[in-house]
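Notes follow the structure.
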Amino acid sequence: MSEFTNFSLEGKVALVTGASYGIGFAIASAYAECGATICFNDINQELVDKGVAAYEEKGIKAHGYVCDVTNEDAVNALVAQIEKEVGVIDILVNNAGIIKRIPMTEMTAAQFRQVIDIDLNGPFIVSKAVIPSMIKKGHGKIINICSMMSELGRETVSAYASAKGGLKMLTRNICSEYGQYNIQCNGLGPGYIETPQTAPLREIQPDGSRHPFDQFICAKTPANRWLKPEELTGPAVFLASEASNAVNGHILYVDGGILAYIGKQPE
């Protein structure tokens, strides 16, 4: 198969951070189906155990590790352990993240810093840890989960939008600095996804109506619906494969068209 159409990940080692469930789990599962060996981390052993069990249920042997992506020493130790036990990391997906929905004037500086630390410093730390071995191996793929909030603002998400906007620029800078070593760093920007975290926003209300936020999102999305985690997997596989070798510093938004759409005119 030509390198320009090769979507296989056979023989590759992928580290997907925070991939016990949700978007990270869907992406890692797709990588496994394409032949990659999966490594993932989470913040505690309980989440790691649940993740390993969920992968096993799908017939995937995943290597799970407890690691805080904001702890540089722990991340360096994790990468060294993966290289020793599994192999050099070919694909990194910086998926681990949090969001705090708090009005800016009510948010403390400590809360703001926590979001920045996990959502921006974390990808910096993990990327920095894997790049040297990627350079030695002669190739590497880094995919940052950037969110639409790297382009848009919205009430209550000042810290999250700041972190994701920074992550977009970190993506471009990794491309600029390490593209010469055949390392491609791109971003994936999910729209509003059906996950356990967003389930309360999609619940039917006691009076039988849809949740106001559910109505808002569907009205703002040309696809007129929430997206499924699996719909991110095709773009994620593309960015991890040789098919994207000429794509670098790009943010691929998988949002059902939200960023292209100004919204309906009020009736």
Side-chain angles (χ1 to χ4, degrees), residues 17-27 29 42-43 47 50 54 93-120 122-123 143-168 187-236 251-267:
T17 67
S20 296
Y21 58 91
I23 289 172
F25 179 82
I27 290 173
S29 297
D42 223 310
I43 195 66
L47 284 172
K50 286 182 178 178
V93 180
N94 283 308
N95 168 74
I98 63 167
I99 187 170
K100 288 184 180 292
R101 295 182 176 90
I102 305 171
M104 181 175 168
T105 56
E106 298 173 19
M107 176 174 260
T108 66
Q111 290 171 324
F112 187 91
R113 288 191 193 102
Q114 184 187 17
V115 176
I116 297 293
D117 204 24
I118 296 171
D119 293 2
L120 181 55
I143 300 156
N144 295 322
I145 305 300
C146 288
S147 164
M148 291 185 307
M149 294 301 114
S150 59
E151 291 289 340
L152 297 173
R154 202 173 74 76
E155 61 277 6
T156 77
V157 294
S158 59
Y160 186 76
S162 298
K164 294 301 184 178
L167 186 57
K168 174 181 70 176
L188 195 62
Y192 286 90
I193 309 293
E194 291 183 4
T195 66
Q197 287 72 27
T198 62
L201 301 174
R202 291 178 279 108
E203 288 180 351
I204 298 298
Q205 302 303 287
D207 65 359
S209 66
R210 290 161 57 193
H211 191 289
F213 192 78
D214 179 24
Q215 296 180 51
F216 167 71
I217 290 305
C218 290
K220 283 290 186 182
T221 308
N224 197 35
R225 62 179 176 83
W226 291 69
L227 309 180
K228 298 182 183 303
E230 293 73 22
E231 292 180 288
L232 293 169
T233 59
I251 314 300
L252 176 53
Y253 292 100
V254 186
D255 64 357
I258 289 179
L259 287 174
Y261 187 45
I262 196 171
K264 293 180 181 178
Q265 180 178 324
E267 296 180 1

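The figures here come from the full heavy-atom set of this structure, side chains too, leaving out hydrogens, waters and symmetry mates. Because the structure is a prediction, the values reported are computed rather than measured. When a residue number appears, it is its place in the shown sequence, counting from 1.
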Hey, does the side chain of [X] reach the backbone of [Y] with a donor-acceptor pair shorter than 3.5 angstrom?
X    : Y    : value
D214 : C218 : no
R202 : T195 : yes
T198 : I193 : yes
D207 : S209 : yes
T221 : N224 : no

For the residue pair H211 and F213, categorise the inter-ring angle as parallel (less than 30°), tilted (30 to 60°) or perpendicular (more than 60°).
perpendicular
So, for [X] and [Y], which heavy atoms are closest and what is the spacing to 0.1 Å?
X    : Y    : answer
G166 : L120 : C-CD1, 3.6 Å
L188 : A236 : CD2-CB, 4.0 Å
I258 : P222 : N-CD, 3.8 Å
V254 : P235 : CG2-CG, 3.8 Å
Y160 : I98  : CD1-O, 3.3 Å
D42  : A19  : OD2-N, 4.4 Å

Can you tell me how far the [atom1] atom of [X] sits from the [atom2] atom of [Y], to the nearest 0.5 Å?
X    : Y    : atom1 : atom2 : answer
M149 : S158 : CE    : OG    : 12.0 Å
E194 : E230 : CD    : CD    : 9.0 Å
Q114 : I116 : CD    : CD1   : 11.0 Å
R225 : E231 : CZ    : CD    : 4.0 Å
I99  : I118 : CD1   : CD1   : 12.0 Å
Q215 : L201 : CD    : CG    : 12.5 Å

I want to check something: taking the side chain as every heavy atom from C-beta on, are I145 and V93 in contact at a cut-off of under 4.5 Å?
yes
Can you confirm whether I23 sits close enough to P190 that some side-chain heavy atom of one is under 4.5 Å from a side-chain heavy atom of the other?
yes
So, [X] and [Y], do they make that salt bridge, N to O below 4.0 Å?
X    : Y    : value
K164 : E151 : no
K100 : E106 : no
D117 : R113 : no

Are there more than 12 heavy atoms of other residues, nucleotides or ligands under 6.0 Å from atom CZ of R210?
yes
Could you please spell out the steps behind the side-chain contact (heavy atoms from CB on, under 4.5 Å) verdict for N94 and I143?
CA-CA 6 Å; N94 283 308; I143 300 156; over 6 Å; no
Partner set under ring pair (Phe, Tyr, Trp, His ring centres under 6.0 Å) for F25, not counting sequence neighbours
Y55
After noting the C-alpha distance and the side-chain angles of L259 and L152, does the key distance pass the side-chain contact (heavy atoms from CB on, under 4.5 Å) rule?
CA-CA 8 Å; L259 287 174; L152 297 173; 3.5 Å; yes
Can you list the steps and then say if Y253 with S150 is a side-chain hydrogen bond (donor to acceptor under 3.5 Å, both in side chains)?
CA-CA 10 Å; Y253 292 100; S150 59; 2.8 Å; yes
Trace of the side-chain contact (heavy atoms from CB on, under 4.5 Å) decision for Y21 with L47:
CA-CA 9 Å; Y21 58 91; L47 284 172; 4.1 Å; yes
Checking W226 against I217 for the side-chain contact (heavy atoms from CB on, under 4.5 Å) test, could you report, in this order, the C-alpha distance in whole Å, the side-chain angles of both residues, the deciding distance, and whether it holds?
CA-CA 8 Å; W226 291 69; I217 290 305; 4.2 Å; yes
Contacts of T17 that satisfy side-chain hydrogen bond (donor to acceptor under 3.5 Å, both in side chains) - sequence neighbours left out
none
